[in-house]
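Only this structure's heavy atoms are used, side chains among them; waters, hydrogens and symmetry mates stay out.
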Amino acid sequence: MPSLTPLHETYCKWDSTPPSQADVLEGLAQVVTISLSGVHDMLQVIQTEVLRTTLGLSVQKAKKLQKMPQLQKFYQFSYDRIQRYGSHFVAPGLRRIIEKFPTLHDKALTPNMHFMVGVLNGIFGDFLLKQHNPLALPMVLYDHYGSIQKGELTGRVVIMVHGLCMSHLSWSNNRYSGVGERLLAQRDNNTMLYLNYNSGRRISANGRSFANLLEELVQQNPNITSIDLIGHSMGGLVSRSALFYGKQNLYQWIHMTENLVCIGSPHHGAALERIGFILQNKLGAFPFINLIGQLGNIRSNGILDLRHGSVRDDDWEHNDARIGHADDNRKPAPLPAHINTFLIAGTLEFEKVSNKALTIIGDYLVSVKSALGEHPNPRFQLKLPDTHKAVFYGLNHMEIQYHSSVVEQITRWLYPEVGEVIEEGVQTHMVNMQHNYTFDDLDGIVET
């Protein structure tokens, strides 16, 4: 079993069984009965700021006012009522449903439930895991048809790794069948698998777990001939982390891995996460702005790792505080030389229509430079030939993972026999959507 880090974050699989519908109800019941001490602290901070900015009171006077017996009684009454409502009504009601319908223990989650649980794990996954809440997702592989992977695997295996707050069902939608469907049709003896995991955990923790899972997979399936990894957003970083620790541990699957495709992955951080940190770190002296520091901490360790794209334990485990540092203190995580790596970026810009703000924002969440691994420090550069990079104009962060143009490019990279490989470089990879698509605020990109 792999060793623990100094912070004692486990990398072994605590449970290989995904939650049932009964687990979701029990998990929600536990959530509504947790201690409200954190809420109390938050409300105290907010009230202090209100007293400072509206009444002009000093911090000392505001805190003295808060300690008045009448206010303390009001606080206690409010918390007791909220706690009682959750403990005496909501939680028992959810548990009565479980008792009345025992078959819920055997029922898999619906797509809507998978969506909800994926979002909760992305935002609070580390907290859920710490509380042993059944909503905390284990790391599980699903087949192309949405069932838990079982049976013997042979030949080429392609594994899709979803992004933050998403699930194994996020690789297609009503308009696009997605890259999995396209690749599945390319050759016989080709298997598509989909990883589902708790995206609120540290990226390096998920990377280690993924590396362990892949090693188990190849040991149990000796007829697997090759492995390809395709990650969207955070999924690309989790895949890179798995490669880093797989190589470090001399795992067998590393030598069987041929291709890595990262779609909109923040290899050097996500701009919006850094902006949020700068606001809470630099503007805290201004009235009421320091509330951002309190509210900003209500996000998972997985989200915090997106600030600079951290994929190694030693990027975070020795930090003085959970929030980390504004400076980029990462350690290099080079890509294994024998693996063909391909990077895809999206941008809201249209070709020949430059916008400085959109250049920084990129596809809403990740800049083009970050997605292509470009960095001013050579130690962090993901040095790849231009033919292994592609930029798609007019695509946002969510749609880029299954858009037909992106799917076609990935197919050409992984299966060059289906069409001539583009050789002219990154500029020729840039697909101009301007004449075929328009941006709709309600529905992303819509065909015209």
Side-chain angles (χ1 to χ4, degrees), residues 160-166 170-173 175-180 182 199 229-240 260-275 306 309 341-375 382 384 386-414 422 425-448:
M160 319 280 284
V161 187
H162 66 74
L164 176 72
C165 291
M166 306 183 85
S170 303
W171 288 94
S172 62
N173 66 2
R175 295 177 57 204
Y176 300 111
S177 58
V179 65
R182 181 75 168 84
S199 59
L229 303 178
I230 302 177
H232 170 242
S233 193
M234 178 188 282
L237 301 186
V238 170
S239 299
R240 282 186 55 209
L260 167 67
V261 180
C262 298
I263 308 170
S265 295
H267 297 290
H268 302 305
L272 292 183
E273 164 57 23
R274 287 199 296 271
I275 290 171
L306 294 177
T341 300
F342 304 94
L343 304 180
I344 291 175
T347 175
L348 299 180
E349 292 182 286
F350 288 111
E351 194 173 10
K352 300 179 182 178
V353 182
S354 179
N355 182 302
K356 188 173 183 179
L358 292 182
T359 300
I360 296 173
I361 294 175
D363 60 12
Y364 264 145
L365 299 179
V366 181
S367 70
V368 172
K369 287 187 176 181
S370 182
L372 296 183
E374 298 175 359
H375 196 279
L382 300 184
L384 300 173
D386 287 344
T387 53
H388 286 220
K389 301 178 183 179
V391 178
F392 292 85
Y393 286 92
L395 286 183
N396 63 56
H397 189 73
M398 304 312 296
E399 193 167 18
I400 193 173
Q401 64 183 311
Y402 41 66
H403 193 276
S404 57
S405 297
V406 177
V407 168
E408 185 61 29
Q409 180 61 75
I410 295 173
T411 305
R412 287 174 176 164
W413 277 333
L414 299 190
I422 302 174
V426 66
Q427 293 297 325
T428 58
H429 280 291
M430 296 182 177
V431 178
N432 182 5
M433 303 285 187
Q434 188 170 7
H435 302 298
N436 301 320
Y437 296 88
T438 59
F439 190 78
D440 188 309
D441 288 335
L442 298 178
D443 193 33
I445 299 174
V446 295
E447 293 187 40
T448 57

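For Y402, the ring-ring contact (aromatic ring centres under 6.0 Å, His included) test picks out no residue, with sequence neighbours left out. With sequence neighbours excluded, no residue forms a ring-ring contact (aromatic ring centres under 6.0 Å, His included) with H267. The side chain to side chain contact (heavy atoms under 4.5 Å, CB included) search around S239 returns V161, F210, L229, L260, not counting sequence neighbours. Scored by the side chain to side chain contact (heavy atoms under 4.5 Å, CB included) test, A371 finds A345, V366 as partners (sequence neighbours excluded). Residues forming a side chain to side chain donor-acceptor pair (under 3.5 Å) with H397 (at least two apart in sequence, or on another chain): S233, D363.
Looking only at side-chain heavy atoms (C-beta outward), M234 and M166 stay at 4.5 Å or farther from each other. Proximity of R182 to E408: side-chain heavy atoms (C-beta onward) are separated by under 4.5 Å at one or more points. The shortest side-chain heavy-atom distance between F392 and Q409 falls under the 4.5 Å cut-off. Side chains of V406 and V179 form no contact here, defined as non-hydrogen atoms less than 4.5 Å apart.
Of the possible polar contacts, one joining the S370 side chain to the H268 backbone as a donor-acceptor pair under 3.5 Å is found.
In this structure, CG in L382 is found 8.0 Å from NZ in K389, a value given to the nearest 0.5 Å. Here the straight-line distance linking atom CG of L343 with atom CG of L384 works out to 5.0 Å at 0.5 Å rounding. In this structure, the separation between OG on S265 and CG on L237 is 5.5 Å, given to the nearest 0.5 Å. Between F342 atom CZ and I263 atom CD1 the span is 12.5 Å, to the nearest 0.5 Å. For the atom pair CD of Q401 and CD1 of I230, the computed distance is 11.5 Å after rounding to the nearest 0.5 Å.
Closest heavy-atom contact between G178 and S172: N-CB, 4.3 Å. Residue W413 comes nearest to H388 through the heavy atom pair CZ2-C, 3.8 Å, listed as atom of the first residue, atom of the second, then distance. Scanning all heavy atoms of the two residues, the minimum distance from C262 to G236 falls at SG-CA, 3.9 Å.
Relative orientation of the H403 and Y176 rings is tilted, given thresholds of 30° and 60° on the angle between their planes.
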